[in-house]
Novice: 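Take a look at this one; I'll ask things after.
Chain identifiers are assigned alphabetically (A, B, ...) following the order of the sequence lines, protein sequences preceding nucleic acid strands; residue numbering begins at 1 within each chain.
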Protein chains: 2
Amino acid sequence: MTDDTMTIGEMCRAFDVTPRALRFYEQKELLNPIREGQNRFYTPRDRARLKLILRGKRFGFSLAEIRDLLELYHLGDGQITQLSATLEAAERHHADLTAKRDELATAITELEQQIQMIRKMLAERSNPRSAAE
Amino acid sequence: MTDDTMTIGEMCRAFDVTPRALRFYEQKELLNPIREGQNRFYTPRDRARLKLILRGKRFGFSLAEIRDLLELYHLGDGQITQLSATLEAAERHHADLTAKRDELATAITELEQQIQMIRKMLAERSNPRSAAE
DNA sequence: TCGTGACTTGACGTGCGCGTCAACTTGATC
DNA sequence: GATCAAGTTGACGCGCACGTCAAGTCACGA
């Protein structure tokens with residue numbers, strides 16, 4: 001076994017990112033792989049964080065925001081640092097996400113109405129007589 | 001009545017954006033207000049489009065993507081241009097949004113678990129004996 | 001020993017989404 | 001007629017999230 005760490009190349013293939021991006025995230029303190037000499041070795045924890053990074057990006061969060069949020073997820077595994085402050089931050093993030101979810105639901109509903117309209121127009125175009133119904 | 005159009009300043013106050021942003025969106029062909037001499041007058045249609053622009057930004061879409069999507073929403077009001085192609089594009093966008101919705105739901109669930117963990121840790125901290133249960 | 005391939009550290013470049021001047025016009029008010 | 005607010009067109013600047021070189025290190029097999 002390879003000690004369950006991964007090289008930068010393996011990470012890139014696994015997550016479809018470039019080495020440049022991984023080093024950039026490290027510089028911005030979103031990742032901190034083990035440094036053995038010059039080389040980097042990414043632990044399972046790094047992988048979990050990268051998943052969250054990419055997810056956060058998809059939802060339009062900046063890397064700075066994501067870095068702060070990663071602190072929250074991180075302390076699940078034992079650290080007892082300012083728990084109540086962390087709870088507050090987590091709840092703010094939760095409110096943020098649920099608001100986004102609601103807005104997304106609205107957007108989806110509206111889009112579905114648009115699609116229905118287009119379907120109707122197509123139907124009337126292919127069979128104009130049915131417009132009487 | 002003021003012809004139901006708005007000046008750039010009114011738009012900025014209504015949507016909390018800068019004039020610079022509105023002119024930028026116009027340059028990128030996301031908006032096209034009426035030009036009366038030098039000045040711009042934004043119609044209800046511009047306002048509807050701006051709403052969608054800002055929403056799209058919140059979901060992490062680029063302005064170029066949003067511009068393309070606006071074409072879809074637009075043709076609801078009469079134009080019959082490539083209806084079936086439009087339907088396809090709309091359905092792709094729909095798939096995109098629902099995927100985002102599902103991923104967001106996952107993220108929210110995970111965050112809620114984290115919050116539960118933090119609450120538990122706080123409870124045990126304030127009343128350590130209950131850890132025996 | 002000599003590639004070769006994977007990795008490294010700078011350092012500059014790039015596209016996006018505007019911010020921020022400067023210099024000007026235009027209509028209303030004193 | 002002067003002023004002032006609101007708008008205009010360039011044009012340069014900036015922060016973010018990397019891309020893209022150049023130049024070097026290091027382990028490995030032929």
Novice: Determine, for nucleotides 17-27 of chain C in 5'-to-3' order, which nucleotides have protein heavy atoms under 4.0 Å from the base (write B), from only the sugar-phosphate (write S), or from neither (write -).
Specialist: BBBB-------
Novice: Strictly below 4.0 Å: does R35(A) bring a side-chain N or O up to OP1 or OP2 of dT9(C)?
Specialist: yes
Novice: Specify the separation, in whole Å, of atom CZ of R13(A) and atom P of dG5(C).
Specialist: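 So the CZ-P distance, R13(A) to dG5(C), works out to 14 Å.
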Novice: Expressed in angstrom and rounded to an integer, what is the separation of E36(A) atom CD from dA27(D) atom P?
Specialist: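 Checked: the CD to P distance equals 11 Å.
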Novice: Decide if atom CD of E29(A) counts as having more than 12 heavy atoms of other residues, nucleotides or ligands within a radius under 6.0 Å.
Specialist: no
Novice: Taking CD1 from I8(B) and P from dT9(D), how many angstroms apart are they, rounded to a whole number?
Specialist: 9 Å
Novice: Looking at F15(B), does the NZ or CZ of K57(B) lie under 6.0 angstrom from its six-membered ring centre and within 45 degrees of the ring axis?
Specialist: no
Novice: Would you find more than 12 non-hydrogen atoms of other residues, nucleotides or ligands less than 6.0 Å from D102(B) atom CG?
Specialist: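 More than 12 within 6.0 Å, yes.
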Novice: With sequence neighbours excluded, tell me which residues meet ring pair (Phe, Tyr, Trp, His ring centres under 6.0 Å) with F59(A).
Specialist: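 Testing F59(A) for ring pair (Phe, Tyr, Trp, His ring centres under 6.0 Å), a comparison that skips the adjacent residues, returns none.
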Novice: What is the distance from CE of M11(B) to C1' of dT8(D), rounded to the nearest Å?
Specialist: 17 Å
Novice: Taking OP1 and OP2 of dC7(C), is either one under 4.0 Å from a side-chain nitrogen or oxygen of T7(A)?
Specialist: yes
Novice: For R13(B) and D16(B), indicate whether the former's side chain and the latter's backbone hold a donor-acceptor pair under 3.5 Å.
Specialist: no
Novice: M6(A) has an atom CE; how far is it from atom C1' of dA6(C), in whole Å?
Specialist: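 M6(A) atom CE is separated from dA6(C) atom C1' by 15 Å.
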Novice: For a quick test of reading the model: is some side-chain N or O of R40(A) closer than 4.0 Å to OP1 or OP2 of dT9(C)?
Specialist: yes
Novice: Rounded to the Å, how far apart are E26(B) CD and dG10(D) C1'?
Specialist: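 Distance, rounded to whole Å: 15 Å.
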Novice: If you define the side chain from C-beta out and look only at heavy atoms, does anything of R49(B) sit under 4.5 Å from T43(B)?
Specialist: no
Novice: Using the rule side chain to side chain contact (heavy atoms under 4.5 Å, CB included), only one of D46(B), L52(B), I53(B) pairs with L30(B); which is it?
Specialist: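 For L30(B), the side chain to side chain contact (heavy atoms under 4.5 Å, CB included) test succeeds with only one of D46(B), L52(B), I53(B), which is I53(B).
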Novice: Expressed as a whole number of angstroms, how long is the span from Q27(A):CD to dG15(D):P?
Specialist: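 After rounding, the reported distance stands at 15 Å.
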Novice: Rounded to whole angstrom units, what separation is found between the CZ atom of F41(A) and the P atom of dA6(C)?
Specialist: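 Distance check: F41(A) CZ to dA6(C) P gives 15 Å.
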